[in-house]
Enquirer: 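My questions all concern the structure below.
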Amino acid sequence: MVSGELKLARPAHVHAAKPMRHALAAFLSALEVPDVEQVDVITAVGEALANAVEHAYRGSQIPDVSLRARLDADGTLAVDVIDGGRHLPVVQHIDRGFGLRIVRSIAQSIELDADAADGTALRMFFKLSA
Amino acid sequence: MVSGELKLARPAHVHAAKPMRHALAAFLSALEVPDVEQVDVITAVGEALANAVEHAYRGSQIPDVSLRARLDADGTLAVDVIDGGRHLPVVQHIDRGFGLRIVRSIAQSIELDADAADGTALRMFFKLSA
Amino acid sequence: MSDRSTFEVIKLSGELDVARKEELHAALVIGASARAILLDMSEVTYADSTALTEMLRFSTQAERERVPVAIVATSPQLDRIIHYAGLNEVFKIFIDRGEALSYLESAS
Amino acid sequence: MSDRSTFEVIKLSGELDVARKEELHAALVIGASARAILLDMSEVTYADSTALTEMLRFSTQAERERVPVAIVATSPQLDRIIHYAGLNEVFKIFIDRGEALSYLESAS
Ligand SMILES: Nc1ncnc2c1ncn2[C@@H]1O[C@H](COP(=O)(O)OP(=O)(O)O)[C@@H](O)[C@H]1O
Ligand SMILES: Nc1ncnc2c1ncn2[C@@H]1O[C@H](COP(=O)(O)OP(=O)(O)O)[C@@H](O)[C@H]1O
């Protein structure tokens, strides 16, 4: 039975996205998720991380960005990307750029909580082959 | 503030050790632990994983090996390696080979629970620069 | 394309993410004498939407200036994100450098 | 060492962990005509104690057969684990291939 959990929190510098993606990829590899399935997950989560670190950088104080991933034995992967930045009005959140469009194309489903107490929270669900 | 948690569980094949080490290394990198500090942690945890997968392989049914790592904001890293293999008598566990000797040289402290219900559990504590 | 000296190559590599946005912005410029551009992304292993946005800006400007652009992309991630963004109809993507060059020959 | 043809090089690379124990066991043999052995581990990026155990067996056998062994090791992990295992006094370790060869010249 293969399963696992990953939680990372660190200041949301633009340079945080890359090592966080790499940690997620290595986490998935350790859980025997084939590369071809990893690619899409990393692409979607990469967008969420890019938004988090890009947005956070606009303020003067740098909040944290956190990534939480959980792979269950049935192949369900849930990933949260949470940032502590002041979020932009919800109307602006939807489909302005490519980011969320890409996330929506890849993830089985998403939950965007722009009113999360601690900033913006994007939860993505992926169905892997298990 | 940098902190994180990693949990991995998978069948204890000899090939499991390498991707689990890599996942731990990428986890530490994402939490900004410098390479020079990672090297020793990976060496110690690599010994624990090697023991877990080598021992598990002796039986006919392959149990799981699990790795749990937790880095707190103060730089304390706790890593558990737990295997579900039938453990060897405790007398044999101490200082027979290089493995535990290496782990003891590196870790701040260790707790070896050879009577854990689910096999052998080795907990290692490391003090990182944070 | 008769004059090969006006044929430009822009080579990018590694992971083109949000941290490299400004570097990418600076790299993706159309030389004054360029008649055709080969954007060699064969060594790019990852791109996010900030990179796609820069690529789209570049491609749009090139079209306005009637400078054909051929993109060489080989990484599965790059290929897939371009599709997910719906940009595969906008960019001229080639797996093979030779084919990209043939396209530029015929288009410029 | 006058006859260079009896001077053997064994080259290992990558991560020498528990999964490669048998491969390593098979690789670490002393050729019948070997008068000195260079164990080139310059491309080894990781070793665990199962690898050290094989190296120790090999080194002990070579000593018994009076065949000098020089080990080239450059990765920090390899260097450190050899120290933690207390084997730095047992193995002849060199960072530099040239120095390893000089040692073998003088020892054989
Ligand atoms: N983590 C976030 N924090 C604050 N605002 C965000 C966040 N993610 C997205 N947004 C807002 O939603 C918009 C659309 O996001 P997205 O589809 O990723 O496109 P892009 O980031 O390319 O503009 C962003 O421009 C931004 O205004
Ligand atoms: N996870 C484990 N499960 C069962 N037995 C173990 C485990 N770890 C260690 N041991 C026992 O303790 C001994 C000493 O371990 P170690 O110091 O790592 O040396 P080595 O593995 O090189 O023999 C092993 O030989 C084995 O008998």
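Below, chain A is the first sequence line, B the second, and so on; all start at residue 1.
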Enquirer: Nearest 0.5 Å, what's the CD-CG distance between B/Glu5 and A/Leu8?
Expert: 10.5 Å

Enquirer: Applying side-chain hydrogen bond (donor to acceptor under 3.5 Å, both in side chains), name anything that partners B/Ser109, two or more places apart in sequence or on another chain.
Expert: none

Enquirer: Among residues two or more places apart or on two chains, list those pairs meeting salt bridge (charged side-chain N to carboxylate O under 4.0 Å, His left out) that have a residue in residues 121-130 of chain A.
Expert: A/Asp80-A/Arg123

Enquirer: Is chain B contacted by the side chain of A/Ser3, its backbone, both, or neither, given a heavy-atom distance below 4.5 Å?
Expert: both

Enquirer: If you compare all heavy atoms of B/Arg10 against all heavy atoms of A/Ser29, which two are closest, and at what distance to 0.1 Å?
Expert: NH1-O, 4.1 Å

Enquirer: Heavy-atom pairs under 4.5 Å with chain B - which of A/Ala9, A/Ala23, A/Ala16, A/Ala25 has more of them than the others?
Expert: A/Ala9

Enquirer: Could you list which of residues 30-45 of chain A have a heavy atom closer than 4.5 Å to any heavy atom of chain B, in residue-number order?
Expert: A/Ala30, A/Leu31, A/Glu32

Enquirer: Any salt bridge (charged side-chain N to carboxylate O under 4.0 Å, His left out) involving residues 18-31 of chain A? Give me the pairs, sequence neighbours left out, ordered by first then second residue.
Expert: A/Arg21-C/Glu15, A/Arg21-C/Asp17

Enquirer: So which atom in A/Ala26 and which in B/Ala26 form the shortest heavy-atom distance, rounded to 0.1 Å?
Expert: CB-CB, 3.6 Å

Enquirer: If we define contacts as heavy-atom pairs under 4.5 Å, which of A/Pro19, A/Ala69, A/Ser66, A/Ala73 has the most with chain B?
Expert: A/Pro19

